[in-house]
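Below is one structure, written out as structure tokens; the observations come after it.
Model, not experiment: these values are computed from the prediction. The basis for the numbers below is simple: all heavy atoms, side chains too, and nothing from hydrogens, waters or symmetry mates.
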Amino acid sequence: MKLHITGNAGSGKTTLAKQLGQALNIPVQSLDSVVWKDGWVAASNEERALGEQKLVKQKQWIIEGVSKTVRDSADYVIFLDVPRYICVTRCIKRNLPYLFRSRPELPDNCPEILIIPRLFKIIWNFPERAKPNIFQSMKQKKGVVISKVVSVDDLVVKIKTDLSACCG
């Protein structure tokens, strides 16, 4: 089974991926490890493409992040379509403990203090820049759009039920 969890920054991708990975016993990967290098340096297009290809070639996976390559390779796509104000609130809560150090899923030397202006720009522009492409891709994929905030436990139960019904 290959699952892609996508959505805006702060939508809950990492949290859901970790819990779903435990519930389904499927390894979880974050695209942040492919997109970013030490010191918040963005990977080149070639580096990103190679990293994404390496991830999607695995037998089974849950990959969280925003990527057409991953979305197209997934058996099932989960789009967390969360309002911007919730994404901002969650990012503030998530980033505060990591203002001066890297989160566990990030490369070294990526303290949140250095990305905050860019992060808010990403969150603000997501509905216009990324959301239409995700919706377009999902027309050809099995998956679910989650547009109201529910508990992660409830989401895991819903997704496990959906996967049993559609994907065996």
Side-chain angles (χ1 to χ4, degrees), residues 1-36 43 48-49 51-95 98 103-106 115 119-168:
M1 177 63 53
K2 298 178 178 185
L3 306 173
H4 182 217
I5 301 174
T6 192
N8 203 343
S11 62
K13 298 181 299 291
T14 303
T15 302
L16 178 59
K18 287 177 183 175
Q19 288 201 18
L20 200 55
Q22 286 180 341
L24 298 173
N25 196 31
I26 296 175
V28 175
Q29 301 290 333
S30 171
L31 282 173
D32 282 343
S33 65
V34 171
V35 173
W36 299 109
R48 181 176 176 150
E52 289 175 348
Q53 286 302 318
K54 184 178 177 183
L55 291 178
V56 300
K57 284 183 180 177
Q58 297 175 34
K59 185 177 178 181
Q60 60 176 355
W61 42 258
I62 296 173
I63 300 174
E64 60 91 0
V66 180
S67 165
K68 183 173 181 352
T69 299
V70 174
R71 216 168 31 252
D72 290 348
S73 301
D75 300 316
Y76 190 87
V77 177
I78 302 155
F79 176 27
L80 301 177
D81 187 18
V82 176
R84 285 185 278 213
Y85 75 91
I86 292 174
C87 292
V88 168
T89 303
R90 287 178 176 173
C91 279
I92 291 169
K93 284 182 184 178
R94 173 190 74 193
N95 293 3
Y98 298 100
R103 283 185 278 131
E105 64 271 13
L106 290 169
I115 196 83
L119 182 63
F120 287 133
K121 188 175 180 181
I122 289 168
I123 292 168
W124 186 257
N125 291 326
F126 186 89
E128 290 78 30
R129 291 199 178 155
K131 187 175 173 175
N133 296 328
I134 294 169
F135 274 132
Q136 186 63 34
S137 293
M138 288 189 72
K139 289 179 182 177
Q140 290 87 36
K141 301 299 288 185
K142 293 178 183 172
V144 63
V145 177
I146 308 294
S147 55
K148 74 177 191 184
V149 178
V150 296
S151 78
V152 176
D153 292 337
D154 290 346
L155 268 181
V156 169
V157 169
K158 177 187 179 3
I159 292 164
K160 283 178 71 175
T161 303
D162 286 356
L163 289 173
S164 295
C166 83
C167 309

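When atom types are taken as modelled, the side chain of Lys13 and the backbone of Gly7 share a donor-acceptor pair closer than 3.5 angstrom. Using modelled atom types, no side-chain atom of Thr15 and backbone atom of Gly12 make a donor-acceptor pair closer than 3.5 Å. Without hydrogens or angle criteria, Arg84 side chain to Ile123 main chain gives no donor-acceptor distance under 3.5 Å. Checking side-chain atoms of Lys141 against main-chain N and O of Ala74 turns up a donor-acceptor pair under 3.5 Å.
Between Phe79 and Phe126, the angle of the ring planes lies from 30° to 60°, which puts this pair in the tilted group.
Within a 6.0 Å radius of CG in Asp154, other residues, nucleotides and ligands contribute more than 12 heavy atoms.
With rounding to the nearest 0.5 Å, the separation of OG in Ser11 from CD1 in Ile78 is 11.0 Å. Separation of atoms CG (Asp72) and CD (Gln140) is listed at 8.5 Å; rounding is to 0.5 Å.
Under the side chain to side chain contact (heavy atoms under 4.5 Å, CB included) rule, Leu31 has a single partner from Leu55, Ile5, Val66, which is Leu55.
Of all the heavy atoms in His4 and Ile63, the pair that sits closest is CD2-O, 3.1 Å.
Annotation: side chain of Lys158 is in contact with side chain of Val144 (closest heavy-atom distance under 4.5 Å). When side chains are defined from C-beta on, Val82 does not count as touching Asn8, because their heavy atoms never get closer than 4.5 Å.
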